[in-house]
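The residues of the chain are indexed from 1 along the displayed sequence. From a predicted model like this one, the values you see are computed outputs, not experimental measurements. We use all heavy atoms of the structure for the numbers below, so side chains are in, but hydrogens, waters and symmetry mates are not.
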Amino acid sequence: IYQEKVFFLPVNTSDISSLTGQIFEVDHEVLLQGVIDCLIIKDGYGTILDYKTDKVKKGNEKEHSLKYMKQLEIYANAVEKIMGIKTKSRVIHFFETNTNVDLNLL
């Protein structure tokens with residue numbers, strides 16, 4: 001179990017564009033930095049757990065979690081490229097409602 005796992009990953013701006021929709025005039029390499037709240041490795045696969053303090057209403061967690069799908073996709077990509085580990089699950093935990101949403105199941 002890793003908590004607050006910092007990563008640095010060189011990526012092309014075209015890779016960022018495909019994930020975020022942001023357009024860059026010229027494709028070039030940049031250094032992407034992130035912090036994964038919790039990474040659990042079990043049986044050779046990873047689970048990414050991202051904590052959110054958003055004010056979300058009970059029953060609205062799944063819909064609200066959709067805006068974080070790209071963020072967790074970037075985290076999963078970083079784990080695979082840096083550590084060579086595929087992720088099985090990407091989970092958002094909302095403290096407001098004490099609810100977990102597995103983005104792989106949406």
Side-chain angles (χ1 to χ4, degrees):
I1 297 176
Y2 297 90
Q3 293 190 357
E4 297 186 8
K5 177 76 171 157
V6 176
F7 68 87
F8 298 91
L9 182 67
V11 297
N12 286 322
T13 51
S14 59
D15 295 331
I16 295 170
S17 295
S18 68
L19 290 170
T20 65
Q22 186 176 358
I23 305 298
F24 297 89
E25 289 183 25
V26 178
D27 190 32
H28 58 280
E29 192 170 82
V30 296
L31 188 61
L32 179 67
Q33 177 199 357
V35 179
I36 300 171
D37 291 335
C38 184
L39 172 62
I40 303 163
I41 299 172
K42 183 177 179 182
D43 299 328
Y45 290 94
T47 295
I48 295 171
L49 179 57
D50 196 56
Y51 305 120
K52 299 297 181 193
T53 58
D54 302 23
K55 299 293 181 195
V56 61
K57 292 182 180 180
K58 190 77 170 165
N60 200 30
E61 298 92 349
K62 286 183 182 179
E63 181 181 338
H64 192 75
S65 67
L66 294 175
K67 70 182 191 175
Y68 297 110
M69 287 186 81
K70 289 180 182 180
Q71 175 190 356
L72 270 65
E73 186 177 334
I74 291 168
Y75 288 177
N77 185 37
V79 168
E80 185 171 349
K81 286 186 176 181
I82 295 168
M83 302 176 78
I85 296 170
K86 291 192 181 281
T87 58
K88 275 180 140 177
S89 189
R90 302 164 196 171
V91 178
I92 300 283
H93 177 79
F94 292 103
F95 285 113
E96 180 76 13
T97 60
N98 194 30
T99 304
N100 290 331
V101 176
D102 189 336
L103 296 178
N104 290 44
L105 301 178
L106 298 182

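- If you run side-chain contact (heavy atoms from CB on, under 4.5 Å) between I92 and each of L72, I48, T99, N100, only L72 comes through.
- Contact check for D43 versus K88: no side-chain heavy atoms found under the 4.5 Å cut-off.
- Follow the hydrophobic side-chain contacts under 4.5 Å out from Y75 and you reach L32 in the same cluster.
- A donor-acceptor contact shorter than 3.5 Å is absent between the side chain of D102 and the backbone of V91.
- When all heavy atoms of V35 and F7 are compared, the closest pair comes out as N-CE2, 4.0 Å.
- The shortest distance between side-chain heavy atoms of H64 and K57 does not fall below 4.5 Å.
- In this structure, L31 places its CG atom where more than 12 heavy-atom neighbours from other residues, nucleotides or ligands lie under 6.0 Å away.
- Between L49 and H93, some side-chain heavy-atom pair lies under the 4.5 Å cut-off.
- Between D50 and I36 there is no side-chain heavy-atom pair separated by less than 4.5 Å.
- Remark: Y45 OH is loosely packed, at most 12 non-hydrogen atoms of other residues, nucleotides or ligands lying under 6.0 Å away.
- Taking every heavy atom of both residues into account, T87 and A76 meet most closely at OG1-CB, 3.4 Å.
- Hydrophobic clustering, with ILVMFWY side chains joined whenever heavy atoms are under 4.5 angstrom apart, groups I82 together with L39.
- Residues I85 and G46 share a closest heavy-atom pair of CG2-N, 3.6 Å.
- Within a 6.0 Å sphere centred on NZ of K58, heavy atoms belonging to other residues, nucleotides or ligands number more than 12.
- Shown here is Q3, whose CD atom has no more than 12 heavy atoms of other residues, nucleotides or ligands within 6.0 Å.
- Side-chain contact between I41 and Y2 is present, with heavy atoms from C-beta onward closer than 4.5 Å.
- Across all their heavy atoms, V26 and H28 have their closest contact at O-ND1, 2.9 Å.
- At a threshold of 4.5 Å between side-chain heavy atoms, the hydrophobic network of Ile, Leu, Val, Met, Phe, Trp and Tyr places L9 and V30 in one connected group.
- Tracing side-chain contacts under 4.5 Å through hydrophobic residues (I, L, V, M, F, W, Y), one never reaches F94 starting from Y51; they form parts of separate clusters.
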Side chain to side chain contact (heavy atoms under 4.5 Å, CB included) between E73 and R90, intermediate numbers included: CA-CA 8 Å; E73 186 177 334; R90 302 164 196 171; 4.2 Å; yes
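- By the rule that hydrophobic residues join a cluster once side-chain heavy atoms approach within less than 4.5 Å of another member, F24 and I74 end up as members of one cluster.
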